[in-house]
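Just below is one structure, and these are the notes that go with it.
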Amino acid sequence: MRAEILKAVAQPPKFLLAPMVPAIINLGVQMPMLFIGIGVLDMNPLFFITTILLAHAALIGAGVKEPHLSTMLQAYGQTYKRTTNLYAVKGSKYEP
């Protein structure tokens, strides 16, 4: 087997010690909220910084418990697609 494949399976990608996909989603959601809160609502940025750090700490804890959390989220996103019935039947039936 190739070493790259083994490394990818054994060591999933991380972003600041947290699983890559949830950490990027966390920052992608909370950073715009930070700028909107500062610019529009004139809020204290320390509130948002603490929520970012707390959420990131929770993601690190979840990543320690399940190191392949990013892969699981990506697989869930691809398997959650609904199939259309190819034949007229009651209920959901998939015919390849």
* Asked: Can you list every pair that meets side-chain hydrogen bond (donor to acceptor under 3.5 Å, both in side chains) and has a residue in residues 35-50, with sequence neighbours left out?
  -> none

Show me the side-chain donor-acceptor pairs of residues 15-36 shorter than 3.5 Å, one per line, residues at least two apart or across chains.
{"unit_1": "Asn26", "atom_1": "OD1", "unit_2": "Gln30", "atom_2": "NE2", "d": "3.1"}
{"unit_1": "Gln30", "atom_1": "OE1", "unit_2": "Thr51", "atom_2": "OG1", "d": "3.3"}
{"unit_1": "Gln30", "atom_1": "OE1", "unit_2": "Ile52", "atom_2": "N", "d": "3.1"}

* Asked: So which residues get pulled into Leu54's cluster when ILVMFWY side chains under 4.5 Å apart are joined, directly or through others?
  -> none

* Is there any side-chain hydrogen bond (donor to acceptor under 3.5 Å, both in side chains) pair reaching into residues 53-64, and which pairs are they, with sequence neighbours excluded? -> none

* To do: Using the rule that two of Ile, Leu, Val, Met, Phe, Trp, Tyr join whenever any of their side-chain heavy atoms come within less than 4.5 Å, decide whether Met43 and Val40 are in one cluster.
  => yes

* Sequence neighbours excluded, every pair satisfying side-chain hydrogen bond (donor to acceptor under 3.5 Å, both in side chains) that has a member inside residues 15-24 -> none

